[in-house]
Amino acid sequence: MAIKTDRLEVDQWFDLELVLDGTQDFRWRAWKDGWLSGVLSGHVVHVRQAGVGASLEYRANVDLESVLRSYFRLDDDIAEVHDALSDIDDTMRKLVSRFPYLRVLRQPDPWQATVSYICSATNRIERITKSVENIACELGERRVLSGDVRHTFPTREKVLEAGEENLGELTVGLKSFPKRVLATAERIRAGSLDLEHLAQPEVCYAEARLQLMASPGVAAKVADCIALFALDKPDAFPVDTYVRRELERCYPDAPLGPTEGEALAIWARGTFGARAGYASQLLFLSGYFASKNP
DNA sequence: CGCCAGGGTAGAC
DNA sequence: GTCTACCATGGC
């Protein structure tokens with residue numbers, strides 16, 4: 001099969017390493033010769049970048065240019081995002097100048113994102129990655145690119161067929177993950193949850209969040225991650241342990257309770273507005289790197 | 001041994 | 001609505 005290789009022009013504020021180190025999508029890993037391997041829209045894709053601001057090289061068995069442009073939001077006016085964030089307050093201004101290369105991914109498969117984030121509860125990134133990859137290897141379809149064997153993420157029908165016991169062998173962490181994933185898959189099958197509909201631009205963040213949170217295993221944090229990274233709701237504001245720590249440090253006014261109430265979501269929207277998702281990612285990176293290199 | 005990991009749920013007030 | 005105990009498990 002012919003391999004399509006191409007180069008995408010990016011703006012000066014694009015850093016592939018940083019974007020994928022933020023690990024919003026758990027399916028990327030290192031390949032050879034500086035290539036990173038991922039699975040996108042049912043295809044294996046290899047990407048690499050010579051340096052910050054350099055064009056993005058990719059190869060795949062099909063043309064993935066439009067998929068990649070959307071995924072990395074290459075067509076966004078990132079300078080405008082930087083300006084808007086910097087205008088919010090001093091904390092945001094500093095974070096933008098520290099992490100100007102950050103992007104919030106636009107993942108094409110909300111179902112994969114939903115399963116991934118359900119399995120993220122009280123778990124480490126390596127284990128979440130392991131769970132997602134196990135599910136793909138066992139239940140997805142095999143795909144090969146240049147000797148790199150990967151698997152697509154399985155449809156919800158495949159996951160439902162697998163059943164609780166099989167899923168229990170594939171996931172790492174809480175024993176309730178399989179139950180939660182299956183219950184959510186069943187809600188989608190029954191039509192109570194329609195991820196494709198929630199991804200439409202006319203569905204607002206608040207509505208998407210409400211619908212998502214009706215699923216077991218999907219509370220505020222998971223719902224916000226799905227909404228932000230896979231349903232194109234840029235005003236979602238995920239609060240994980242790192243973001244919480246940074247909020248306590250930089251925003252004493254933030255209403256942080258033992259559990260994230262509605263008050264926090266309202267506060268975030270008021271403070272960060274349409275850029276809340278970007279703000280959350282900046283705070284996450286700050287806290288995440290602080291814990292990695294103390 | 002205690003603490004922590006990109007939280008969520010059930011049950012109590 | 002808000003707070004608590006509990007859930008699994010390996011690494012430090």
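Remember, it's a predicted structure, so these values are computed and weren't measured experimentally. Side-chain atoms are counted along with the backbone in the values below, which use heavy atoms only and exclude waters and symmetry mates. Lettering of chains follows the sequences in order, A, B, ..., and the numbering in each one begins at 1.
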Could you grab the distance from atom OH of A:Tyr101 to atom CG of A:Asp11, nearest 0.5 Å is fine?
10.5 Å
Whole-Å distance separating the CD atom of A:Glu126 from the P atom of B:dC4
17 Å
Mind checking which nucleotides bracket the chain A contacts on DNA chain C, 5' to 3', with an atom under 4.0 Å from a heavy atom?
C:dT2 to C:dG11
Any side-chain heavy atom of A:Val243 within less than 4.5 Å of one from A:Pro238?
no
Return the set of residues passing side chain to side chain donor-acceptor pair (under 3.5 Å) with A:Asp87 (not counting sequence neighbours), or none when no residue passes.
none
d(CZ, A:Phe284; P, B:dG6) in whole Å
7 Å
Keeping to residues at least two apart or across chains, list the salt bridge (charged side-chain N to carboxylate O under 4.0 Å, His left out) pairs with something in residues 205-219 of chain A.
A:Arg209-A:Asp224, A:Arg209-A:Glu262
DNA chain C contacts among residues 224-239 of chain A, heavy-atom distance under 4.0 Å
none
Just to verify, what does A:Arg142 make a side chain to side chain donor-acceptor pair (under 3.5 Å) with, not counting sequence neighbours?
none
A:Gln24 near the nucleic acid: base, sugar-phosphate alone, or nothing, with a heavy-atom cut-off under 4.0 Å?
base
Rounded interatomic separation in angstrom, taking CZ from A:Arg245 and C1' from B:dG6:
10 Å
Interface residues of residues 266-276 of chain A with DNA chain B (non-hydrogen, below 4.0 angstrom):
none
Atom CG of A:Leu285 to atom C1' of B:dG6: distance rounded to whole Å?
12 Å
Check: A:Arg29 and A:Glu133 side chains under 4.5 Å, non-hydrogen atoms:
yes
Between the base of B:dG6 and the side chain of A:Ser120, is there a donor and acceptor pair under 3.5 angstrom?
no
Report the residues that fulfil side-chain contact (heavy atoms from CB on, under 4.5 Å) with A:Ala230, sequence neighbours left out, ordered by chain and then residue number.
A:Gln107, A:Pro110, A:Ala113
Applying a 4.0 Å non-hydrogen cut-off, can you work out what A:Thr241 is touching in the nucleic acid: base, sugar-phosphate, or nothing?
sugar-phosphate
Determine which pairs satisfy salt bridge (charged side-chain N to carboxylate O under 4.0 Å, His left out) with at least one residue from residues 151-172 of chain A, sequence neighbours left out, and list them in order.
A:Glu164-A:Lys179
With a 4.0 Å cut-off on heavy atoms, is A:Tyr288 in touch with a base, just the backbone sugar-phosphate, or nothing at all?
nothing
If the sugar-phosphate is the primed atoms plus P, OP1 and OP2 and the base is the rest, what is the B/S/- string for nucleotides 8-13 of chain B, using protein heavy atoms under 4.0 Å?
SS----
Look at the side-chain N and O atoms of A:Arg244 and state whether any lies under 4.0 Å from the OP1 or OP2 oxygen of B:dC4.
no
Any donor-acceptor pair under 3.5 Å linking the side chain of A:Gln112 with the backbone of A:Phe153?
no
With sequence neighbours left out, write down each residue that passes side-chain contact (heavy atoms from CB on, under 4.5 Å) with A:Thr129, or none if nothing qualifies.
A:Phe26, A:Ile125
Among residues at least two apart in sequence or on other chains, which ones pass side-chain contact (heavy atoms from CB on, under 4.5 Å) with A:Asn166?
A:Ala162
Could you list the residues that satisfy side chain to side chain donor-acceptor pair (under 3.5 Å) with A:Asp194, not counting sequence neighbours?
none
Taking B:dC4 as the reference, what is the distance to C:dA8 when you measure between their C1' atoms (whole Å, please)?
13 Å
How far does the P atom of C:dC12 sit from the matching atom of B:dG6, given to the nearest Å?
13 Å
When the aromatic ring centroids of A:Trp267 and A:Phe272 are compared, is their separation below 6.0 Å?
yes
Keeping A:Asp15 on the side-chain end and A:Glu17 on the backbone end, is there a donor-acceptor pair under 3.5 Å?
yes
